[in-house]
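Below is one structure, written out as C-alpha coordinates; comments come after it.
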Amino acid sequence: MAVPKRKMSRSNTRKRRSQWKASRPELVTCPRCRDYKLPHTACATCGTYNNRQVLNPS
Amino acid sequence: MPTPTKGPRLGAGPAHERLMLANLATSLFQHGRIKTTEAKAKRLRPYAEKLITLGKRGDLHARRLVLTKITDKAVVHELFTEIGPRYENRPGGYTRITKIGPRKGDNAPMAVIELVEAGPATPPAATRRAAEEEGEQTTAATSETAEQEVPAQEQAQGAEEATAAADDTAEAPAEAQESTDAKDEDSGEKK
(Lines give C-alpha, C1' and ligand atoms only; values in the text may rest on other atoms or scores of the structure.)
Protein backbone atom coordinates (compact mmCIF):
# COMPACT_ATOMS: atom_id res chain seq x y z
CA MET A 1 0.00 0.00 0.00
CA ALA A 2 1.32 3.44 -0.89
CA VAL A 3 2.01 5.63 2.13
CA PRO A 4 3.56 9.11 2.50
CA LYS A 5 7.33 8.98 2.87
CA ARG A 6 7.63 12.15 4.92
CA LYS A 7 5.60 13.89 7.54
CA MET A 8 3.86 16.90 6.03
CA SER A 9 5.33 20.07 7.47
CA ARG A 10 3.26 22.41 9.57
CA SER A 11 3.90 25.10 6.99
CA ASN A 12 2.55 23.03 4.10
CA THR A 13 -0.48 21.96 6.11
CA ARG A 14 -1.28 25.54 6.98
CA LYS A 15 -0.74 26.73 3.43
CA ARG A 16 -3.25 24.17 2.22
CA ARG A 17 -5.77 25.13 4.86
CA SER A 18 -5.41 28.83 4.16
CA GLN A 19 -7.38 28.26 0.95
CA TRP A 20 -10.23 26.66 2.84
CA LYS A 21 -12.65 29.54 3.40
CA ALA A 22 -16.31 30.10 3.95
CA SER A 23 -18.07 32.29 1.42
CA ARG A 24 -20.41 35.10 2.30
CA PRO A 25 -24.06 34.42 1.48
CA GLU A 26 -25.46 36.67 -1.20
CA LEU A 27 -28.16 38.79 0.42
CA VAL A 28 -30.85 41.16 -0.82
CA THR A 29 -33.11 43.57 1.07
CA CYS A 30 -36.69 42.57 1.74
CA PRO A 31 -39.06 44.91 -0.14
CA ARG A 32 -41.44 44.92 2.84
CA CYS A 33 -39.26 45.37 5.90
CA ARG A 34 -35.90 46.38 4.33
CA ASP A 35 -34.12 43.69 6.30
CA TYR A 36 -31.55 41.43 4.66
CA LYS A 37 -32.81 38.10 3.37
CA LEU A 38 -31.78 35.31 1.03
CA PRO A 39 -32.88 35.90 -2.58
CA HIS A 40 -35.92 33.96 -3.85
CA THR A 41 -36.79 33.10 -0.28
CA ALA A 42 -39.42 34.28 2.16
CA CYS A 43 -38.14 36.96 4.54
CA ALA A 44 -37.38 35.52 7.96
CA THR A 45 -38.12 38.84 9.70
CA CYS A 46 -41.55 39.72 8.34
CA GLY A 47 -42.45 36.34 6.83
CA THR A 48 -43.55 37.66 3.47
CA TYR A 49 -42.65 36.66 -0.04
CA ASN A 50 -43.99 38.43 -3.12
CA ASN A 51 -46.29 40.52 -0.89
CA ARG A 52 -47.80 37.33 0.47
CA GLN A 53 -47.68 36.26 4.10
CA VAL A 54 -45.92 32.90 4.11
CA LEU A 55 -44.63 32.53 7.66
CA ASN A 56 -45.59 33.76 11.08
CA PRO A 57 -42.21 34.88 12.44
CA SER A 58 -41.87 34.42 16.18
CA MET B 1 -36.31 1.69 -20.75
CA PRO B 2 -38.35 3.21 -17.93
CA THR B 3 -37.57 6.88 -17.49
CA PRO B 4 -36.51 7.80 -13.96
CA THR B 5 -38.64 10.33 -12.12
CA LYS B 6 -37.52 13.91 -12.47
CA GLY B 7 -35.87 15.46 -9.46
CA PRO B 8 -34.07 14.08 -6.44
CA ARG B 9 -34.86 10.58 -5.17
CA LEU B 10 -35.58 11.40 -1.50
CA GLY B 11 -32.88 9.04 -0.27
CA ALA B 12 -34.97 6.01 0.53
CA GLY B 13 -36.12 2.74 -0.97
CA PRO B 14 -38.81 2.77 -3.64
CA ALA B 15 -41.50 1.59 -1.23
CA HIS B 16 -40.47 4.13 1.38
CA GLU B 17 -40.49 6.86 -1.24
CA ARG B 18 -44.01 5.93 -2.37
CA LEU B 19 -45.19 6.01 1.22
CA MET B 20 -43.51 9.33 1.90
CA LEU B 21 -45.10 10.96 -1.14
CA ALA B 22 -48.51 9.54 -0.26
CA ASN B 23 -48.23 10.77 3.32
CA LEU B 24 -47.05 14.20 2.20
CA ALA B 25 -49.97 14.48 -0.22
CA THR B 26 -52.40 13.37 2.50
CA SER B 27 -51.08 16.02 4.87
CA LEU B 28 -51.22 18.65 2.14
CA PHE B 29 -54.89 17.94 1.40
CA GLN B 30 -55.70 17.82 5.09
CA HIS B 31 -54.04 21.04 6.14
CA GLY B 32 -53.89 23.07 2.93
CA ARG B 33 -50.27 24.03 3.53
CA ILE B 34 -47.32 22.08 4.87
CA LYS B 35 -43.72 22.88 5.65
CA THR B 36 -41.18 20.40 4.35
CA THR B 37 -37.80 20.27 2.68
CA GLU B 38 -37.38 21.77 -0.75
CA ALA B 39 -36.58 18.42 -2.36
CA LYS B 40 -39.72 16.82 -0.95
CA ALA B 41 -41.85 19.80 -1.91
CA LYS B 42 -40.56 19.65 -5.47
CA ARG B 43 -41.29 15.95 -5.73
CA LEU B 44 -44.69 16.37 -4.12
CA ARG B 45 -45.93 19.06 -6.48
CA PRO B 46 -46.54 16.97 -9.64
CA TYR B 47 -47.76 14.05 -7.51
CA ALA B 48 -50.36 16.14 -5.66
CA GLU B 49 -51.48 18.03 -8.76
CA LYS B 50 -52.20 14.82 -10.60
CA LEU B 51 -54.33 13.70 -7.68
CA ILE B 52 -56.22 17.01 -7.72
CA THR B 53 -56.84 16.60 -11.45
CA LEU B 54 -58.38 13.23 -10.65
CA GLY B 55 -60.39 14.96 -7.94
CA LYS B 56 -61.72 17.40 -10.53
CA ARG B 57 -62.78 14.51 -12.76
CA GLY B 58 -64.79 13.16 -9.86
CA ASP B 59 -66.02 9.82 -11.26
CA LEU B 60 -65.77 6.46 -9.54
CA HIS B 61 -62.76 5.33 -11.55
CA ALA B 62 -60.84 8.47 -10.62
CA ARG B 63 -61.75 7.92 -6.99
CA ARG B 64 -60.41 4.37 -7.12
CA LEU B 65 -57.20 5.56 -8.76
CA VAL B 66 -56.69 8.07 -5.95
CA LEU B 67 -57.46 5.42 -3.32
CA THR B 68 -54.55 3.35 -4.61
CA LYS B 69 -52.27 6.17 -3.44
CA ILE B 70 -54.06 7.86 -0.55
CA THR B 71 -55.55 5.38 1.88
CA ASP B 72 -57.32 7.87 4.14
CA LYS B 73 -60.92 7.86 2.90
CA ALA B 74 -61.80 11.07 4.69
CA VAL B 75 -59.06 12.91 2.84
CA VAL B 76 -60.13 11.40 -0.48
CA HIS B 77 -63.69 12.51 0.21
CA GLU B 78 -62.49 16.04 0.91
CA LEU B 79 -60.39 15.96 -2.27
CA PHE B 80 -63.41 15.04 -4.37
CA THR B 81 -66.02 17.22 -2.69
CA GLU B 82 -64.07 20.38 -1.82
CA ILE B 83 -60.62 20.62 -3.34
CA GLY B 84 -61.50 19.29 -6.79
CA PRO B 85 -64.56 21.50 -7.44
CA ARG B 86 -62.68 24.51 -6.03
CA TYR B 87 -60.21 24.35 -8.94
CA GLU B 88 -62.88 23.83 -11.59
CA ASN B 89 -61.70 26.82 -13.67
CA ARG B 90 -57.99 26.51 -13.03
CA PRO B 91 -56.03 24.60 -15.66
CA GLY B 92 -53.34 23.15 -13.43
CA GLY B 93 -50.98 24.90 -11.05
CA TYR B 94 -52.94 24.15 -7.92
CA THR B 95 -50.00 24.34 -5.55
CA ARG B 96 -47.43 26.96 -4.69
CA ILE B 97 -43.95 26.38 -3.28
CA THR B 98 -42.25 29.16 -1.35
CA LYS B 99 -38.71 28.71 -0.10
CA ILE B 100 -38.17 29.72 3.48
CA GLY B 101 -34.44 29.22 3.94
CA PRO B 102 -32.33 26.62 5.71
CA ARG B 103 -33.52 24.63 8.72
CA LYS B 104 -31.75 25.06 12.02
CA GLY B 105 -30.11 21.80 12.95
CA ASP B 106 -29.11 20.30 9.63
CA ASN B 107 -29.21 23.37 7.33
CA ALA B 108 -31.65 21.63 5.00
CA PRO B 109 -33.36 24.09 2.64
CA MET B 110 -36.99 24.25 3.69
CA ALA B 111 -40.09 25.26 1.77
CA VAL B 112 -43.80 25.78 2.30
CA ILE B 113 -46.05 24.04 -0.19
CA GLU B 114 -49.68 25.12 -0.18
CA LEU B 115 -52.85 24.78 -2.18
CA VAL B 116 -53.43 28.11 -3.92
CA GLU B 117 -56.48 30.13 -3.00
CA ALA B 118 -59.56 29.16 -4.92
CA GLY B 119 -60.78 32.66 -5.67
CA PRO B 120 -61.94 33.75 -9.09
CA ALA B 121 -59.92 32.00 -11.76
CA THR B 122 -57.42 34.40 -13.31
CA PRO B 123 -57.61 34.34 -17.10
CA PRO B 124 -54.38 33.14 -18.72
CA ALA B 125 -53.87 36.47 -20.50
CA ALA B 126 -54.13 38.48 -17.28
CA THR B 127 -52.27 41.76 -17.26
CA ARG B 128 -49.47 42.43 -14.84
CA ARG B 129 -51.52 45.07 -13.08
CA ALA B 130 -54.38 42.66 -12.51
CA ALA B 131 -51.97 40.13 -11.05
CA GLU B 132 -50.57 42.73 -8.68
CA GLU B 133 -54.02 43.70 -7.53
CA GLU B 134 -54.89 40.11 -6.89
CA GLY B 135 -51.68 39.71 -4.91
CA GLU B 136 -52.61 42.67 -2.74
CA GLN B 137 -56.03 41.26 -2.13
CA THR B 138 -54.70 37.90 -1.05
CA THR B 139 -52.19 39.55 1.29
CA ALA B 140 -54.94 41.59 2.81
CA ALA B 141 -57.01 38.47 3.24
CA THR B 142 -54.23 36.51 4.90
CA SER B 143 -53.30 39.31 7.27
CA GLU B 144 -56.94 39.74 8.14
CA THR B 145 -57.34 36.09 8.89
CA ALA B 146 -54.16 36.16 10.93
CA GLU B 147 -55.57 38.74 13.34
CA GLN B 148 -59.15 37.75 13.76
CA GLU B 149 -59.77 39.37 17.11
CA VAL B 150 -57.89 42.56 16.33
CA PRO B 151 -60.11 45.42 15.11
CA ALA B 152 -60.03 46.24 11.46
CA GLN B 153 -58.59 49.72 11.96
CA GLU B 154 -55.18 48.31 12.80
CA GLN B 155 -55.18 46.80 9.32
CA ALA B 156 -54.02 50.04 7.79
CA GLN B 157 -51.00 50.31 10.02
CA GLY B 158 -49.10 47.78 7.99
CA ALA B 159 -48.09 44.18 7.88
CA GLU B 160 -45.46 44.28 10.63
CA GLU B 161 -48.13 44.58 13.27
CA ALA B 162 -50.10 41.89 11.55
CA THR B 163 -47.23 39.47 11.73
CA ALA B 164 -46.64 40.35 15.36
CA ALA B 165 -50.23 39.57 16.17
CA ALA B 166 -50.22 36.47 14.05
CA ASP B 167 -48.58 34.32 16.71
CA ASP B 168 -51.62 34.38 18.96
CA THR B 169 -53.98 33.14 16.33
CA ALA B 170 -51.62 30.72 14.62
CA GLU B 171 -53.29 27.77 16.36
CA ALA B 172 -56.50 28.18 14.35
CA PRO B 173 -55.48 28.04 10.70
CA ALA B 174 -58.46 25.89 9.78
CA GLU B 175 -60.93 28.47 11.03
CA ALA B 176 -58.97 31.17 9.29
CA GLN B 177 -59.21 29.36 5.99
CA GLU B 178 -62.93 28.85 6.32
CA SER B 179 -63.51 32.51 6.86
CA THR B 180 -61.22 33.56 4.02
CA ASP B 181 -64.02 33.73 1.49
CA ALA B 182 -66.07 36.10 3.62
CA LYS B 183 -63.03 38.26 4.31
CA ASP B 184 -62.22 38.47 0.63
CA GLU B 185 -65.55 40.15 0.04
CA ASP B 186 -64.87 42.54 2.89
CA SER B 187 -61.52 43.63 1.48
CA GLY B 188 -63.12 44.09 -1.91
CA GLU B 189 -65.65 46.47 -0.44
CA LYS B 190 -62.98 48.49 1.29
CA LYS B 191 -61.27 49.13 -1.98
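Proteins come first, then strands; the chains are lettered A, B, ... in the order of their sequence lines, and each starts at number 1. Computed from heavy atoms alone, side chains included, the values below leave out hydrogens, waters and symmetry copies. In this text, all values refer to a predicted model and were calculated from it rather than measured experimentally.
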Hey, what do you get for CG (A/Asn50) to CZ (B/Arg96), rounding to the nearest 0.5 Å? 8.5 Å

Once side chain to side chain contact (heavy atoms under 4.5 Å, CB included) is applied, do any residues pair with B/Ala74, and if so which ones, sequence neighbours excluded? B/Asp72

Can you tell me if NZ on B/Lys42 sees more than 12 non-hydrogen neighbours from other groups inside 6.0 Å? no

Flag yes if more than 12 heavy atoms outside B/Glu88 fall under 6.0 Å of its CD atom; otherwise flag no. yes

Could you name each residue pair satisfying side chain to side chain donor-acceptor pair (under 3.5 Å) that touches residues 103-112 of chain B, not counting sequence neighbours? B/Arg103-B/Asp106

Closest approach of B/Gly101 and A/Leu38, non-hydrogen atoms and distance?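 In this case the closest contact between B/Gly101 and A/Leu38 is CA-CD1, 4.4 Å.
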
Criterion side chain to side chain contact (heavy atoms under 4.5 Å, CB included) against A/Tyr49, the qualifying member of B/Thr98, B/Val112, B/Ile100: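 So the option named by the test is B/Thr98.
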
